[in-house]
Number of protein chains: 2
Amino acid sequence: MAVTIEDIAREAGVSIATVSRVINKTKPVSAELRDRVYEVIEKNHFKPNSLAQGLITKKTNTIGIIVPDISNAVFGKLTKGINSVFAQEGYTVVLCESQGELEKELKLLGILEEKQIEGLLFAGVDVNHTLVERMRKRNYPVVLVTQEASEDEEAVHTVIHNNVEAMYDAVKFLLDNGHERIAYLGGPKNDFSSGKKRVIGYKKALEEAGIEVKDSYIAQGDFSFEAGYQGMKKLYEENSKLPTAVVTGSDVIAVGAIQYLDNMRVKIPDDISIMGFDDSEFATYIKPELSTVRISYYDEGVKAAEMLRELMDGSTEAPMKEYVPHKIIRRSTTKNLN
Amino acid sequence: MAVTIEDIAREAGVSIATVSRVINKTKPVSAELRDRVYEVIEKNHFKPNSLAQGLITKKTNTIGIIVPDISNAVFGKLTKGINSVFAQEGYTVVLCESQGELEKELKLLGILEEKQIEGLLFAGVDVNHTLVERMRKRNYPVVLVTQEASEDEEAVHTVIHNNVEAMYDAVKFLLDNGHERIAYLGGPKNDFSSGKKRVIGYKKALEEAGIEVKDSYIAQGDFSFEAGYQGMKKLYEENSKLPTAVVTGSDVIAVGAIQYLDNMRVKIPDDISIMGFDDSEFATYIKPELSTVRISYYDEGVKAAEMLRELMDGSTEAPMKEYVPHKIIRRSTTKNLN
DNA sequence: TTGTAAGCGTTATCAG
DNA sequence: CTGATAACGCTTACAA
């Protein structure tokens, strides 16, 4: 069926070893034979079977990546970043979606091992003990991106933005702008990196400023528009004294919150300042433009990929955890009270 | 290094054939041996090497997908759709980005063939003769998504939304709403499916309504915000008589146009109606909410994947071209003049 | 510089 | 039901 190295060898009147040599330029071959072989290869559109190659060389030039949802802009950018470094080095990426379900993640770990991937980039939602242990058993290096392992004692290579610091900085920014009543409208509490960690940063900033943390100023849901809307509603209804600013867990949440506030005729930023998170494409599309904390997921992908490359090369000195910088972006949904 | 079927066989005291049988449940094995083998497999975390399997069975359970840019929401959704059907059937997807560069696309075609993919989903930008010919030479079926082949005479399996009809309907919608001066602000003219085809639909609708097509009412650039901004500027500056409505090639273009109009104090939709294209996530985030023509890229991915599945199963009756429906979404950037 | 032959880790055929 | 053994398509000593 498909043309093999043997077909080429026969037609070119050489041994398969010679053909292999010209393909891989691994050993000198006389110009004459080389040309003849190339010609036959060209003519037959021969492509070496990489399965056979990989079987013997142990090199598949393939890495895996697991994300919850590729249609989510965050993971789209992340994947692009990863791809940019691997494609360039001749690696191919097998992309898997897990919907954030542990079951699927576990299964994918196995499938990818069967495929003999040389490394894995993993963006989970809840990187718990089970997962970490299973990753340990695989015989390829893995680096976590976007999410860190829940159990701190288990060291796994990770590239991530500092969620505590990022949220801390967001709140600090508001504080510096004269705000004191700052509410938090974030992601799920069971989301270790993007949920839990960020509340920690929120609280830390408040505490350092000597401001009491009020439970009624904290609302958590998922990262959706609807959750933003409902969360803001809750904040609005349950506080006689409204916050003057709210930090959110994502730009989408922020937009949902803004929608609710609009409905209630609350002016932004005059009555309430809103801070997004991520710096999504649409942050400058909405009016007023959204102040936010920018995370470069593309860069995060690049860094994670680079770390994985090191690990794949057997490096033992790759840092366990690397942070990708974030940046407070002041636009028009936040007001300076000073 | 990695544990092989032979290790398992030895430790379980059976032949490798038996191990293979219990792994694949391909032939009956006595309960006793079966259990013993499973136990050893479990204990050693054995995973069969799919390279070796594929080499002999000719089944890799792998398909390829080539998109210009995975961080682009359109391709994110498309990929998710594709993934949803293949993941379920135990297939794995290798994802490649081409940046829309012919050079890279050609190269990827080859790499994917070496990887022994069983099929390919291709989302190009300019699917020209060279490309089609090269795809023909590969020994896996391919279906085009999102873009059709430029040269009509070359039949390639394609799943796409009807760009001519979609833009025709958008203009028709505006016409029905009493608009007569309708401008077109679209994608690049060298983009066959999303550029060229859409202008055709635009012109067709106008002509059918007996309205003259004015060149000064047509602006083309890429699909970016900036292009939308600049295109609208051009339209604005080069026409003493402004259009009452403009159809665009993407929601992003629309937003760029709106920005320019805002700057010029032109009211939307009172002075000018704007029609987006795609129905992006942010279409309802901006105010007024964007009227647009909705394309479900997720569905497009699903359909394309299904067609590819058929082809991979050797079906010969798969339709050459299948259209995914579009839908006019009226929101608030378009005004009814009647 | 070239060819022969021994694997790589599986599956599949054929005896038993 | 079970076990040898020949492929699968390629790389890589080892010889020549």
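Residue numbering restarts at 1 for every chain, and letters A, B, ... go by the order of the sequence lines.
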Verify, without hydrogens or angle tests, whether B/Thr18 (side chain) and B/Val14 (backbone) share a donor-acceptor contact under 3.5 angstrom.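 No; zero donor-acceptor contacts below 3.5 Å.
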Please answer whether the main-chain N or O of B/Thr60 pairs with a side-chain N or O of A/Lys115 as donor and acceptor at a distance below 3.5 Å.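 Side chain of A/Lys115 to backbone of B/Thr60, a donor-acceptor pair under 3.5 Å: yes, one is there.
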Contact between A/Val302 and A/Ser84 at the side-chain level, heavy atoms closer than 4.5 Å - yes or no?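 A side-chain contact under 4.5 Å exists here.
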B/Ile160 side chain reached by B/Val145 side chain, heavy atoms, under 4.5 Å: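 No, every pair of side-chain atoms sits at 4.5 Å or beyond.
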Given atom [atom1] of [X] and atom [atom2] of [N], what is their separation to the nearest angstrom?
| X | N | atom1 | atom2 | value |
| --- | --- | --- | --- | --- |
| B/Gln116 | D/dC10 | CD | P | 8 Å |
| B/Leu55 | C/dG7 | CG | C1' | 13 Å |
| B/Ile41 | C/dG9 | CD1 | C1' | 14 Å |
| A/Lys27 | C/dT4 | NZ | P | 15 Å |
| A/Arg34 | C/dT1 | CZ | C1' | 12 Å |
| B/Glu6 | C/dT11 | CD | C1' | 14 Å |
| B/Asn61 | C/dT10 | CG | P | 16 Å |
| B/Asn49 | D/dC10 | CG | C1' | 14 Å |

Taking NZ, NE, NH1 and NH2 as the nitrogens, is one of them in B/Arg138 or B/Glu113 under 4.0 Å from a carboxylate oxygen of the other?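 The answer is yes: the pair qualifies as a salt bridge.
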From [options], nucleotide with atom closest to [X] side chain:
| X | options | result |
| --- | --- | --- |
| B/Ile16 | C/dT1, D/dT5, D/dT11 | D/dT5 |
| A/Val29 | D/dC10, C/dT2, C/dT11 | C/dT2 |
| A/Ala17 | D/dT12, C/dT2, D/dC10 | D/dT12 |
| A/Val14 | D/dG9, C/dG3, C/dT10 | C/dG3 |
| B/Leu33 | C/dT1, D/dC10, D/dT2 | D/dT2 |
| B/Arg21 | C/dC14, D/dC8, C/dT4 | C/dC14 |
| B/Lys58 | D/dC10, C/dT11, D/dG9 | D/dG9 |
| A/Thr26 | D/dG9, C/dT11, D/dT12 | D/dT12 |

For B/Lys47, answer base if it contacts any base atom (sugar-phosphate contacts may also be present), sugar-phosphate if it contacts only those atoms, and nothing otherwise; contact means non-hydrogen atoms under 4.0 Å.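 Contact class for B/Lys47: sugar-phosphate only.
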When all nucleic acid strands are considered with a 4.0 Å heavy-atom cut-off, which category describes A/Ser20: base, sugar-phosphate, or nothing?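 The residue A/Ser20 makes base contact.
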Considering all heavy atoms of both residues, which atom of A/Asp126 and which atom of A/Leu131 are nearest to each other, and what is their separation?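 For A/Asp126 and A/Leu131, the tightest heavy-atom pair comes out as O-CD2, 3.7 Å.
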With a cut-off of less than 4.0 Å, is there a side-chain N or O of B/Thr4 near OP1 or OP2 of C/dC8?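 Indeed not, no polar side-chain atom of B/Thr4 lies that close.
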Is there a side-chain polar atom (N or O) of B/Ser30 under 4.0 Å from OP1 or OP2 of D/dT2?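 Answer is yes, contact under 4.0 Å.
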Between A/Thr18 and B/Ile5, just flag the one whose closest nucleotide in DNA chain C comes earlier from the 5' side.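 With A/Thr18 and B/Ile5 compared, the 5'-side residue is A/Thr18.
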